[in-house]
Amino acid sequence: MSNYTKSTDFASKDSLASGNAAKIVKGTEIDTEFNNIATAIATKADLASPTFTGTLTAGTASISSLTATIVGGSISGITDLAVADGGTGASTAANARVNLGTVADAAGNGIAARTAANTLTARTITAGTGITVTDGDGVSGNPTIANSGATSVDGRTGAVVTLVSGTAVSASGTSVDFTGIPSWAKRVTVMLSGASLSGTSNYLVQLGTSGGVVSSGYSSVCSSGASSTVSTAGFLVTVSSSAADLTYGFVTIVNVTSNTWSQGGIINNGTTTRISAGGVSLSGTLDRVRITTVNGTDTFDAGTINIIYE
């Protein structure tokens with residue numbers, strides 16, 4: 001931008017004597033002045049909506065109100081604006097977070113966890129034994145945590161225990177089966193109420209795996225006073241006296257370790273209380289229980305049978 005500089009001192013001509021050639025105001029002098037004025041005006045910024053080109057150098061100014069739109073370019077060499085004045089007090093993102101008390105964004109999706117000063121780490125809620133987690137990272141929705149049906153929080157110990165009852169059935173046929181026992185079950189109880197048979201065969205409780213019901217390898221004894229009866233085909237839980245006997249009681253089968261199970265029970269057949277105990281090792285995971293008879297041909301003709309497992 002050009003400043004206007006006067007070329008001719010017109011006032012000095014007034015003091016010159018008449019006839020002095022320099023006293024005359026020439027048209028070229030006037031033209032030069034007007035050209036200088038035009039150049040200065042053309043290269044100065046307008047008060048309203050000025051347009052600048054090149055490098056702008058501004059002096060110190062006190063601005064009480066300013067509305068400006070900056071399109072492109074860059075700003076450099078300025079002092080960091082203090083937080084108290086609405087800035088960050090820093091020229092880098094890391095220092096700005098420190099000044100503003102924030103932390104850096106985590107690199108991945110998930111639930112943000114502060115793992116160190118100014119550090120965020122993406123975390124995900126994960127499932128433990130007996131627990132299911134949906135949307136653990138919170139990206140698709142709120143995380144949902146549920147018990148998947150295990151006997152306890154960690155599958156072995158804990159205060160949360162699931163006790164599940166089977167569906168009671170009216171005893172009929174040569175055997176009554178309960179299937180679908182889950183792999184986490186550690187104790188199964190068989191309950192009989194008013195059960196009776198068409199004959200006098202003894203009651204057996206047999207365990208099974210996905211391969212079928214196991215009918216051998218048991219060590220079982222059923223006693224009433226001095227009289228005892230043994231069986232290797234199943235857990236012998238009562239000795240019938242007559243076909244009319246109504247049987248009540250329960251038999252409990254508990255997991256000792258792996259696929260090894262022990263049994264104990266108390267059964268009343270109307271005239272005598274029978275105590276039984278036994279054990280068996282299965283080749284796989286227990287998933288079914290059968291209530292049947294030693295001869296396998298007598299049929300149930302009355303009563304209700306059910307199980308519970310936990």
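These numbers come from a predicted model, not from an experiment. Sequential numbering from 1 along the given sequence is applied to the chain's residues.
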Are a donor atom and an acceptor atom from the side chains of Thr304 and Ser193 found within less than 3.5 Å of each other? no
Look at the side chain of Ser15 and the backbone N and O of Ser12, then say whether any donor-acceptor pair between them is shorter than 3.5 Å. yes
Does Lys6 pair with Glu29 as a salt bridge, N-O distance under 4.0 Å? no
Strictly distance-based, threshold 3.5 Å: is any side-chain N or O of Lys186 a donor or acceptor partner for the main-chain N or O of Val254? no
Leu207: which of Val188, Leu282, Val214, Asn259 passes side-chain contact (heavy atoms from CB on, under 4.5 Å): Leu282
When you measure from the side chain of Ser258 to the backbone N and O of Thr260, does any donor-acceptor pair fall under 3.5 Å? no
If you round to the nearest 0.5 Å, how far is CG of Asn306 from OG1 of Thr189? 10.5 Å
Partner of Phe235 under ring-ring contact (aromatic ring centres under 6.0 Å, His included), chosen from Tyr203, Trp261, Tyr218: Tyr218
Are the side chains of Leu204 and Ser231 in touch, meaning some heavy atoms are under 4.5 Å apart? yes
With no hydrogens and no angle check, do the side chains of Thr292 and Ser175 hold a donor and an acceptor under 3.5 Å apart? no
Find out if a path of hydrophobic residues (ILVMFWY) with successive side-chain heavy-atom gaps under 4.5 Å connects Tyr309 to Ile305. yes
For a quick check under 3.5 Å, do Asp301 and Ser196 share a side-chain donor-acceptor pair by atom type? yes
Would a single hydrophobic cluster contain both Val176 and Leu286, if residues Ile, Leu, Val, Met, Phe, Trp and Tyr are joined by side-chain heavy-atom contacts under 4.5 Å? yes
Quick one: does any side-chain atom of Asn295 pair with a main-chain N or O of Asp298 as donor and acceptor, under 3.5 Å? yes
Ignoring hydrogens and angles, state whether a donor on the side chain of Gln263 or Ser276 is under 3.5 Å from an acceptor on the partner side chain. yes
Counting N and O atoms only, with roles assigned by atom type, does the side chain of Ser224 sit under 3.5 Å from a partner on the main chain of Ser227, one being a donor and the other an acceptor? no
Compute whether any side-chain donor of one residue and acceptor of the other, for Lys13 and Asn20, lie under 3.5 angstrom apart. no
Let me confirm one number: the OG1-NZ distance from Thr32 to Lys26, rounded to the nearest 0.5 Å. 11.0 Å
Group every Ile, Leu, Val, Met, Phe, Trp and Tyr by side-chain heavy-atom contacts under 4.5 Å, then state whether Leu192 and Val289 land in the same group. yes
Could you measure the distance from the CD atom of Glu33 to the OG atom of Ser7? Nearest 0.5 Å is fine. 4.5 Å
Is there a donor-acceptor pair under 3.5 Å between the side chain of Asp31 and the backbone N or O of Gly27? no
Common cluster, Ile111/Val133, ILVMFWY with side-chain heavy-atom separation under 4.5 Å: yes
Quick check: does any side chain N or O of Ser215 sit under 3.5 Å from a backbone N or O of Ala233, one acting as donor and the other as acceptor? no
Could you check whether Asp177 and Thr179, counting side-chain N and O atoms only, form a donor-acceptor pair closer than 3.5 Å? no
OG1 (Thr272) and CD1 (Ile267) are apart, to the nearest 0.5 Å, by 13.0 Å
Is a side-chain donor-acceptor pair under 3.5 Å present for Asn36 with Thr39? no
Is a side-chain donor or acceptor of Thr232 paired with a backbone partner of Ser219 at a separation under 3.5 angstrom? no
Could you tell me whether a side-chain N or O of Asp137 sits under 3.5 Å from a main-chain N or O of Thr124, the two making a donor and an acceptor? no
